[in-house]
Amino acid sequence: MNMTNPVPFVLEHCFSGGQGGGYSEVRIHTLDVSGKELKLNKAASYGWCDTDGGPTGMGYHYYTKDSIVTYEFQREEGSVDCNRHTIYKQSSGNPYSFSHYTSRNGEPSGRNKKGIEAGEFYNPICRLKMRDRPNLGASKLYTLNPGSLVLILEVGSTATIDGISAPWVKVELVNPVGFLEGYKSKSDTTGWVFSGYLE
């Protein structure tokens, strides 16, 4: 993880329902290895409902230097019922403990970036397209899941996209389960992404 005080995490994916959809929940626990026995501590959680012809939602998470950020979106009966992200901040005194607050409504957005260097690890803060070349007209290889760990291989030229100025970077996906769509082969896990949506 790209946290200041990294700790092991265990992700628990829960689903209740059937073929017509149901309720999904993700629980993120820290694996406390500081004592004589291993202990799971709840760090963060989020959930959404997705059914045929009924409530429709989605959720994801990503990591910052000292937090886990979750995003939940829920639409029900044609209106948006939930559109928020919550920040679970790591305690400075106990890296296995997290407190949380809801920051604001809306999906997390990117920001201007400087100082990205090859050899650093980042993760997307939203669903992020990986392309075969560093520009918006290039072919899309994959869509990466938020929170997928990527290694920066090369820093390209700076571009301004959606009002955000940041360099294109060539990345390698550390764990290939991070692909949302477009997965081609286990050996083809590198491409270019716009770093304004990396954290």
Side-chain angles (χ1 to χ4, degrees), residues 1-3 6-33 38-64 66-90 96-110 122-130 140-150 171 173-186 188-189 191 193 197-199:
M1 302 293 101
N2 57 334
M3 304 183 88
V7 294
F9 288 110
V10 175
L11 271 63
E12 180 182 11
H13 296 265
C14 307
F15 178 79
S16 60
Q19 286 185 327
Y23 183 75
S24 297
E25 183 179 8
V26 175
R27 300 173 190 151
I28 305 171
H29 308 276
T30 61
L31 181 59
D32 190 338
V33 296
L38 296 178
K39 186 168 57 172
L40 285 178
N41 300 318
K42 183 179 174 184
S45 67
Y46 57 97
W48 67 95
C49 195
D50 196 355
T51 61
D52 292 345
T56 303
M58 62 171 278
Y60 61 75
H61 69 276
Y62 65 92
Y63 306 94
T64 70
D66 64 357
S67 305
I68 301 167
V69 181
T70 65
Y71 175 65
E72 297 167 281
F73 177 85
Q74 185 71 55
R75 183 188 300 275
E76 200 158 350
E77 296 180 6
S79 63
V80 174
D81 189 43
C82 174
N83 186 19
R84 68 171 177 251
H85 69 270
T86 303
I87 297 169
Y88 293 82
K89 187 168 175 55
Q90 187 182 40
Y96 299 98
S97 176
F98 288 76
S99 60
H100 71 279
Y101 62 95
T102 299
S103 171
R104 62 177 169 80
N105 286 341
E107 190 168 7
S109 58
Y122 284 84
N123 66 153
I125 65 165
C126 57
R127 295 176 175 185
L128 186 62
K129 292 178 177 64
M130 181 188 280
K140 183 180 79 171
L141 300 174
Y142 314 109
T143 301
L144 301 180
N145 244 333
S148 305
L149 193 62
V150 296
V171 299
L173 192 61
V174 174
N175 187 343
V177 299
F179 292 119
L180 266 175
E181 61 182 14
Y183 183 70
K184 292 182 179 178
S185 72
K186 290 182 180 179
D188 189 8
T189 58
V193 299
Y197 295 101
L198 294 179
E199 184 64 55

Undergrad: Between Y62 and P108, which heavy-atom pair has the shortest distance, and what is it?
TA: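 Heavy atoms only, the tightest pair is OH-CB, 3.6 Å.
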Undergrad: Hey, mind stepping through F9 and I68 against side-chain contact (heavy atoms from CB on, under 4.5 Å) and telling me if it holds?
TA: CA-CA 11 Å; F9 288 110; I68 301 167; 3.6 Å; yes
Undergrad: For residues Y142 and T189, report the shortest heavy-atom separation together with the two atoms involved.
TA: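 Looking at all heavy atoms of both residues, the shortest contact is OH-N, 4.4 Å.
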Undergrad: Got a sec, which pairs hit salt bridge (Lys or Arg N to Asp or Glu O under 4.0 Å) with one end in residues 10-23, sequence neighbours left out?
TA: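 Every pair satisfying salt bridge (Lys or Arg N to Asp or Glu O under 4.0 Å) with a residue in residues 10-23: E12-R27.
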Undergrad: If you measure from CD1 on I87 to OG on S99, what distance do you get to the nearest 0.5 Å?
TA: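 The OG atom of S99 is 10.5 Å from CD1 of I87, to the nearest 0.5 Å.
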Undergrad: Which pair of heavy atoms, one from C126 and one from Y197, lies closest together, and at what distance?
TA: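 Between these two residues, the closest heavy atoms are SG-CD2, 3.8 Å.
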Undergrad: Run V193 and V150 through side-chain contact (heavy atoms from CB on, under 4.5 Å) and show every step you take.
TA: CA-CA 10 Å; V193 299; V150 296; 5.8 Å; no
Undergrad: Check whether more than 12 heavy atoms from other residues, nucleotides or ligands sit under 6.0 Å from atom NE2 of H100, and answer yes or no.
TA: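 Incorrect, the count does not exceed 12.
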Undergrad: So, for S24 and F15, which heavy atoms are closest and what is the spacing to 0.1 Å?
TA: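 What the structure gives for the nearest pair is OG-CD1, 3.4 Å.
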Undergrad: Considering only heavy atoms from C-beta outward, does the side chain of S45 approach that of V26 to under 4.5 Å?
TA: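 No, side chains not in contact.
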Undergrad: Could I get the full list of side chain to side chain donor-acceptor pair (under 3.5 Å) partners for K89, not counting sequence neighbours?
TA: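 Side chain to side chain donor-acceptor pair (under 3.5 Å) list for K89, sorted by chain: D66.
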Undergrad: Taking side-chain contact (heavy atoms from CB on, under 4.5 Å) as the test, write out the residues that go with L31, two or more places apart.
TA: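 By the side-chain contact (heavy atoms from CB on, under 4.5 Å) rule, L31 matches P8, V10, V33, L38, L40.
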Undergrad: For the atom pair CD (E72) and CE (M58), what is the distance rounded to the nearest 0.5 Å?
TA: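 The distance works out to 10.5 Å.
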Undergrad: For F98 and T30, what are the C-alpha separation, side-chain angles and deciding distance, and is it a side-chain contact (heavy atoms from CB on, under 4.5 Å)?
TA: CA-CA 9 Å; F98 288 76; T30 61; 3.5 Å; yes
Undergrad: Once side-chain contact (heavy atoms from CB on, under 4.5 Å) is applied, do any residues pair with C49, and if so which ones, sequence neighbours excluded?
TA: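 With neighbours one apart ignored, the set is Y23, T51, P55, Q74.
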Undergrad: Might you point out which heavy atoms bring R127 and P146 nearest each other, and give the distance in Å?
TA: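 Looking at all heavy atoms of both residues, the shortest contact is N-CG, 3.7 Å.
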Undergrad: Which residue pairs pass the salt bridge (Lys or Arg N to Asp or Glu O under 4.0 Å) test with at least one member in residues 48-61, sequence neighbours excluded?
TA: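 Residue pairs passing salt bridge (Lys or Arg N to Asp or Glu O under 4.0 Å), neighbours aside: none found.
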Undergrad: Say you draw a straight line from OH of Y88 to NE2 of H61; how long is it, rounded to the nearest 0.5 Å?
TA: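 These two atoms lie 11.5 Å from each other.
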Undergrad: Check whether any side-chain N or O of S67 sits under 3.5 Å from a backbone N or O of T64 as a donor-acceptor pair, and report yes or no.
TA: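 Pair absent, no side-chain N/O of S67 close to backbone of T64.
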Undergrad: Does the pair V7 and Q90 meet the rule for a side-chain contact (heavy atoms from CB on, under 4.5 Å), with working shown?
TA: CA-CA 10 Å; V7 294; Q90 187 182 40; 4.2 Å; yes
Undergrad: Determine the minimum heavy-atom distance between N123 and G147, stating which atoms define it.
TA: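 Heavy atoms only, the tightest pair is OD1-CA, 3.3 Å.
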Undergrad: Taking ring pair (Phe, Tyr, Trp, His ring centres under 6.0 Å) as the definition, give me every residue that meets it alongside Y60, ordered by chain and number, with sequence neighbours left out.
TA: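 Y60 satisfies ring pair (Phe, Tyr, Trp, His ring centres under 6.0 Å) with Y71 only.
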Undergrad: Say whether, by atom type as modelled, one donor and one acceptor occur between the side chain of H85 and the main chain of G106 under 3.5 angstrom.
TA: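 Confirmed, H85 side chain pairs with G106 backbone.
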Undergrad: The criterion is side chain to side chain donor-acceptor pair (under 3.5 Å); which residues satisfy it with E76, sequence neighbours excluded?
TA: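 Side chain to side chain donor-acceptor pair (under 3.5 Å) check on E76 returns nothing, list empty.
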